[in-house]
Peer 1: 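Starting off with a structure, shown below.
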Amino acid sequence: MFEWKQGQLFCEGVAVEKIARKYGTPVYIYSKDAIVKQISHIKEAFEGFNYLITYSLKANGNPYLLKLMINEGLGADTVSMGEVKLALKSGFRPNTIVFAGVGKREDELEFAIENGIKLINVESEEELNLLDSIAARKGKRVDIALRVNPDVRPDTIEKISTARKDSKFGIETESVERIFKNFKSKYLNIRGLHIHIGSQIFDWKPYKEAIERVEHLIDEVEIFDIGGGFGVDYHGGNREFDFQGLRENVLKPLSEKVGEIITEPGRFIVAPSGVLVTRVLYRKRNFVIVDAGMNDFSRPAYYGAFHRILNVHLRGKGKEIFAIGGPVCESTDVFGKEFEIERPERGDLLAIMDTGAYGMSMASNYNARPRPAEVLCDGETVKLIRRRENLDEVIWKNVP
Ligand code: LLP
């Protein structure tokens, strides 16, 4: 958990300032407690039903965090051979791994089949036929789910909405009907239906609406995957996903129709469990320039996403309004334009909050910048779980 103690931001039992001094900046700091607590909220909603929470690796694939997920009994939601391998290597059992993705290559499908993972979520009729031929060639029976595009528009950020007809995801309902009617295979077993309606959702209603659109197909399957998308309040307020509503209105009725419910959350588990700590390099006009850039954390630049930024050591200097930007040579490399923040000075540390999801996993080497270090706090213990990249790795490693 992140808390204030005597004017200093702490991650569990350790001052963020102390961690930054030891490991340098920019650095991602995660709280084990926070992750476990977030998972417990989801488990509460599913308690009593036959369910599997497959953590969405794309949100944050650090192997130490994945081990934590395994200890919590979670499975893995993967979208590439890399993520399937990462999941296997981190210790997820194959029968807890789900492989989704709109553009799986043939070798990726082969790999998933060879490793006997739980479900492959198919996203087009062409993929279905390809998978059938691979399974036949290998003489293996494969369990699959069909990802349906239910054509709903949850009230979320346009750029991360995924279940509209004009989006590239999923198979439209009519084609799924056709598949159930006509598709015969000795090797593929259509065991499930899968929907994922988008991200940053707070209400159960879009889930309900999406499921209703495919209601007539549910009898055909034993497993229903409701996707991820549970929202977090990036403003630090008390807006919360309505898990109780989901339980009553979505999971209860669904559990009467299918044998197993899967959900694949990413953001909800890790976003509030991590911060990116960065050092103030310079001030000019109303700008604060910090040593983290859009290569380290890209959500504001990509989506115009809002993240709170706090001075980690309050010294009572009073608040002022600043724009906060990184060192990358792009105008979009700003984390926010109008932040009221305790007056930062050169050398101060700032925490960009709620950056545990889609932070490090989307980091890049743009401007030849090494990706940050990652540490995990557990009570008084701080563990380095990924060292900072070094310049040799960034500049020369892959150059023959
Ligand atoms: N399942 C599927 C099929 C997905 O496409 C996603 C996310 C998830 C599960 C997990 O969604 P979550 O529970 O994390 O909302 N980079 C963007 C988010 C992209 C989400 C992509 N798909 C961001 O930083 O907001």
Side-chain angles (χ1 to χ4, degrees), residues 35-61 65-80 83-101 112-113 115-123 141-148 170 189-197 199 201 204 207-208 210-211 214 217-218 220-230 241 243 246-270 357:
I35 292 175
V36 172
K37 182 172 143 249
Q38 291 301 98
I39 293 174
S40 73
H41 290 309
I42 306 175
K43 283 183 177 169
E44 239 171 75
F46 284 81
E47 180 71 44
F49 307 128
N50 186 28
Y51 71 95
L52 178 66
I53 302 170
T54 56
Y55 166 67
S56 207
L57 260 62
K58 63 176 88 66
N60 190 324
L65 302 189
L66 298 185
K67 288 208 163 49
L68 232 168
M69 310 297 169
I70 295 168
N71 285 340
E72 289 296 308
L74 272 51
D77 163 43
T78 62
V79 290
S80 66
E83 283 192 354
V84 177
K85 282 192 176 179
L86 174 58
L88 289 168
K89 199 157 181 219
S90 304
F92 286 98
R93 281 179 289 116
N95 66 357
T96 65
I97 300 174
V98 170
F99 185 23
I113 292 178
N115 284 281
I117 66 163
K118 181 181 172 75
L119 271 185
I120 297 178
N121 294 351
V122 171
E123 296 223 19
R141 289 196 62 85
V142 180
D143 287 343
I144 67 165
L146 299 177
R147 176 165 178 184
V148 198
N189 184 8
I190 307 178
R191 293 199 60 208
L193 283 176
H194 172 215
I195 54 169
H196 171 76
I197 52 179
S199 227
I201 298 162
W204 51 267
Y207 291 89
K208 180 93 183 162
I211 293 170
V214 297
L217 300 169
I218 297 184
E220 310 273 351
V221 296
E222 305 117 80
I223 303 174
F224 199 98
D225 182 342
I226 65 166
F230 312 136
F241 182 83
F243 281 112
L246 186 80
R247 179 181 175 82
E248 293 304 318
N249 302 294
V250 177
L251 303 180
K252 247 190 198 156
L254 193 56
S255 71
E256 283 158 18
K257 295 205 172 110
V258 292
E260 183 178 11
I261 305 174
I262 298 181
T263 181
E264 37 190 39
R267 182 190 317 271
F268 184 82
I269 296 176
V270 282

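Being a predicted model, the structure only gives us computed values, none of them experimental. Computed from heavy atoms alone, side chains included, the values below leave out hydrogens, waters and symmetry copies.
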Peer 1: Hey, is the main chain of N249 close enough, under 3.5 Å, to the side chain of K208 for a donor-acceptor pair?
Peer 2: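 Here the side-chain-to-backbone pair exists.
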
Peer 1: Any side-chain heavy atom of V258 sitting closer than 4.5 Å to one from L254?
Peer 2: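 They are in side-chain contact.
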
Peer 1: Could I get the full list of side chain to side chain donor-acceptor pair (under 3.5 Å) partners for K85, not counting sequence neighbours?
Peer 2: none

Peer 1: Pair S255, I261 - check side chain to side chain contact (heavy atoms under 4.5 Å, CB included), show working.
Peer 2: CA-CA 7 Å; S255 71; I261 305 174; 4.1 Å; yes

Peer 1: Any chance the rings of F92 and Y55 have centres within less than 6.0 Å?
Peer 2: no

Peer 1: At what distance, to the nearest 0.5 angstrom, does CD1 of I70 lie from CD of E72?
Peer 2: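 One finds 11.5 Å between CD1 of I70 and CD of E72.
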
Peer 1: Give the minimum heavy-atom separation between G75 and L52, together with the two atoms involved.
Peer 2: N-CD1, 4.1 Å

Peer 1: What is the minimum heavy-atom distance between F99 and A112, and which atoms define it?
Peer 2: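 Where F99 meets A112 most closely, the heavy atoms are CD2-CB, 3.6 Å.
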
Peer 1: Which atom pair, heavy atoms only, marks the closest approach of A210 to I197?
Peer 2: CB-CG2, 3.6 Å

Peer 1: Rounded to the nearest 0.5 Å, how far apart are CG of N71 and CD1 of I39?
Peer 2: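 The distance works out to 9.5 Å.
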
Peer 1: Could you tell me whether the side chain of L193 reaches within less than 4.5 Å of the side chain of D225, counting heavy atoms only?
Peer 2: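 When only atoms from C-beta onward are counted, L193 and D225 do not touch, as no gap falls below 4.5 Å.
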
Peer 1: Which atoms form the tightest heavy-atom contact between A357 and V270, and what is the distance?
Peer 2: CB-CG2, 3.7 Å

Peer 1: Do F243 and F230 pass the ring-ring contact (aromatic ring centres under 6.0 Å, His included) test, and can you show the C-alpha distance, the side-chain angles, and the key distance before you say yes or no?
Peer 2: CA-CA 9 Å; F243 281 112; F230 312 136; 5.1 Å; yes

Peer 1: Flag the pair L66 / L74 as yes when at least one side-chain heavy-atom distance between them is below 4.5 Å, and no otherwise.
Peer 2: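 Result no, sub-4.5 Å side-chain heavy-atom pair not found.
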
Peer 1: Taking the side chain as everything from C-beta on, heavy atoms only, tell me whether M69 gets closer than 4.5 Å to S90.
Peer 2: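 A side-chain contact is absent here, since even the closest heavy-atom pair is not under 4.5 Å.
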
Peer 1: Hey, does Y207 have a side-chain heavy atom less than 4.5 Å from the side chain of I201?
Peer 2: yes

Peer 1: Salt bridge or not for K118 and E260, using N-O below 4.0 Å?
Peer 2: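 Result for this pair is yes, salt bridge flagged.
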
Peer 1: Once side chain to side chain contact (heavy atoms under 4.5 Å, CB included) is applied, do any residues pair with N189, and if so which ones, sequence neighbours excluded?
Peer 2: R141, D143, R191

Peer 1: Under the 3.5 angstrom rule, does the side chain of T78 hit a backbone N or O of V98 as a donor-acceptor pair?
Peer 2: yes

Peer 1: With a 3.5 Å distance limit and no angle check, can you tell me whether S56 reaches the backbone of A59 through a side-chain donor-acceptor pair?
Peer 2: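 No; zero donor-acceptor contacts below 3.5 Å.
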
Peer 1: Once you round to the nearest 0.5 Å, how far does CG of L146 lie from CG of N121?
Peer 2: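 Nearest 0.5 Å value for the CG-CG distance: 9.0 Å.
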
Peer 1: Step by step, would you call R247 with E44 a side chain to side chain contact (heavy atoms under 4.5 Å, CB included)?
Peer 2: CA-CA 9 Å; R247 179 181 175 82; E44 239 171 75; over 6 Å; no

Peer 1: Distance only, no hydrogens: is a donor on one side chain within 3.5 Å (strictly under) of an acceptor on the other, for T54 and D77?
Peer 2: no

Peer 1: To the nearest 0.5 Å, what is the distance between CZ on F224 and CD1 on I262?
Peer 2: 11.0 Å

Peer 1: Between the side chains of E123 and H194, is a donor N or O closer than 3.5 angstrom to an acceptor N or O?
Peer 2: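 No, no side-chain donor-acceptor pair sits under 3.5 Å.
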
Peer 1: Could you check L68 against V36 for side chain to side chain contact (heavy atoms under 4.5 Å, CB included), going step by step and ending with a plain yes or no?
Peer 2: CA-CA 8 Å; L68 232 168; V36 172; 3.9 Å; yes

Peer 1: Compute the centroid of each ring, for Y51 and then for F49, and state whether the two points are separated by less than 6.0 Å.
Peer 2: no

Peer 1: How many angstroms lie between CZ in F268 and CD1 in I42, if you round to the nearest 0.5 Å?
Peer 2: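 That separation rounds to 5.5 Å.
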
Peer 1: Using a 4.5 Å cut-off on heavy atoms from C-beta on, say whether the side chain of I120 contacts that of V142.
Peer 2: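 Yes, side chains in contact.
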
Peer 1: Would you give the length of the straight line joining atom NE2 of H196 to atom OG1 of T263, rounded to the nearest 0.5 angstrom?
Peer 2: 9.5 Å

